[in-house]
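Step one of this worksheet: look at the structure below.
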Amino acid sequence: MARIIVSEKDNAAKRIAAILSNGKATTIKSYNVPVYVFQNGEEKTSVIGLKGHILKVDFPEKYSNWQGVKPIELIDADVVKVPTQKSIIKALQKEAKGVEQVIIATDFDREGELIGVDAMNKIKEVNSKAKIKRARFSALTESEVKEAFNNFEDIYVNLANAGEARQDIDLIWGATLTRFISLASKRLGKHFLSVGRVQSPTLAIVVAREKERRAFIVKPYWQIKALFSTDQKEDFFAQHKTDKFWNEEEAKEIVSNLGKAGVITDSKKTKKQISPPAPFNTTAFLAAASSVGLSPSYAMRIAEGLYMEGLISYPRVDNTVYPESLDLKGILTILKGSKELGDLAGEILAQKKLTPTRGKKKATDHPPIHPTGVVVKDSLKPQEWKVYEMVARRFLATLAPFASMESLRIDIDVECPSLKRKESFFLQGSRVVEEGWLKYYGYGRKKDDVVTNLKKDDNVLLIKPILESKETQPPQRYGQGRLIQEMEKLGLGTKSTRHSIIQNLYDRGYVHSDPIVPTELGVGVSETLRKNAEAITTPELTAQLENDMDLIAEGKEKKDSVVNISREMLKGILENLEKRGEEVSQEIKEGIREGKIVGKCLKCGNELRIIRSRKTKKRFVGCASYPDCKTAFPLPQFGDVIALDEVCEVCKTPKVKIVSNRKKPWVLCLNPACPTKKTSDNNKTDGRE
DNA sequence: GCAAGGTC
């Protein structure tokens, strides 16, 4: 008797084999894919790990020419499955040939079920007789895995069908609209323009914020603060109670009439406890990494590496509650062996009781991200250590005591004899009095304010008033970490894909920088879609799909019916787009055109634009008044050029930013003769191509 | 050359 167990990834296969064989499994290679083998009496078991999906959906070959096929033809085209993991499929089929039993042990979720069904169908091609079973567990612990293998279930075909509906709909909508918009704007080849169920609403979020900023009218206002001295301690600044003076004269009048004598009219000290943070799931981790300057896709890549090294747990999780089964003491004991963090871990371990914090999202997918091993700082790259340390410190903090803060608010009245009235000031500040968890996890920790002991009726002396001129600020742009949180809130993408969706917006040239700024191209594409194909720019399409997938999983709807309804909806949208084809192409081309304007010519005032020379194929910046005005500047020949709407502080020539995958973004003044280029560290402009 | 979802 022989059986094969199929898991979603190699790590899981290894673990399942170890649990079921009590550590006696041996590793063999089948087409270079690891297979874990063990024997129980007459029964031989092989365990093989896949690499996620082994098939992908695509259209048949005859649809592959973008110019030769009308986008609308894709909507009713067949959708076929093509192998993407050939050696794994070969190994799977080789090992499954002749077995009596196949056990699908992929992750317990929709995509996991689909991955399992795809594997099952590949096995059926070579072995139609084997009995197929499903092992369901939500954590790779000994008890869960053993329990699952003592109580097999059946494959949940409906759930897999729900996953297939998603695959089909994503491909049909994505490919049809991607091709339509690329053809309409003549952006073919590697500069094609993409559209998708998740990426387009995400881009729309960024663009909507940018439009708010552009529409924002900046208003000047004034604030008054003053430096006070007392007989007890250091001097301090207090703020006038009127937050914003919209009239400069009014503020000036107060400033010039302020007296010296002040008295404290009220002094309140309050103490409050600050709870330690919740355990890390992917979103919280990426937001934290983002706040220390690591982009989500970079932080994710590092986390995956640390996971493969056995230093941290699985980094793709929704869960923010440690499961009962997680051995918190064991992890602390491991961490205690760390040169850099051992002392901190020891302190937590010495607590009488370990009570971890809990986050709002309780899921059973995986435990929240936590350290699983120790490593010496110097053996990792600095950025890897930064991520490891953050995960380890977060873990410690979730077990650490409350912090407590002391806040102070003081109100001060200042006499203004010449105005015959008093002006009110206040001072607010807080400081940490008990460090608690902040000792372990101090990221983003605010500096302590000075908290004085001044009491009601104490006298203070106004030393110097200060009038500050300020401007109202438009709403802030999204940082990458914030955008991931927003996507999660709106149900866009998954823990495993959000970072790559955002990265895709960068790679397509739709956005640049962090905080995220949409390019003119990004604005053009997003606005065109919003006006002419709104459905693809809102999160509701995903919400509707989730709903339909639940119905399929429950057996209340058929996959084909859901996909066909979706096809009909897309047809309506595409017909509308085609009817407005001219406007659509104009709007995107306008975006592309605007994206090429880098500023105004200093000689004639006309536009300076990025131009590609017909003769040399090289690009440069030239004046729109050519040949009357011959102003021109060289450009580097790699990367994308992004107009910054800024001019050089020294020579007033426009500045641009060069972004590429290979190098760090690089801001440069277009003028090669600019005096700033003479300084040593900034002389890379000339001739760099 | 298309999407989004797994995983490396």
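Reckoned from all heavy atoms, side chains included, excluding hydrogens, waters and symmetry mates. Note on naming: letters A, B, ... go to the chains in the order of the sequence lines (proteins, then strands), and numbering restarts at 1 for each one.
- Annotation: ring-ring contact (aromatic ring centres under 6.0 Å, His included) contacts of A:Phe108 (sequence neighbours excluded): none.
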Revision key, fill the gap. Letter by letter from the 5' end, nucleotides 2-7 of chain B scores (B base, S sugar-phosphate only, - none; protein heavy atoms under 4.0 Å) BBBBBB
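- Using modelled atom types, one side-chain atom of A:Thr497 and one backbone atom of A:Thr494 make a donor-acceptor pair closer than 3.5 Å.
- Going from atom NZ of A:Lys618 over to atom CD of A:Gln637 covers 5.5 Å, rounded to the nearest 0.5 Å.
- Among the atoms of the strands shown, none is found under 4.0 Å from any heavy atom of A:Leu177.
- Rounded to whole Å, the distance from CG on A:Asn11 to P on B:dC8 is 7 Å.
- Electrostatic pairing of A:Glu164 and A:Lys81 counts as a salt bridge here, judged by a charged N lying under 4.0 Å from a carboxylate O.
- Residues meeting the salt bridge (charged side-chain N to carboxylate O under 4.0 Å, His left out) test with A:Lys14, sequence neighbours left out: none.
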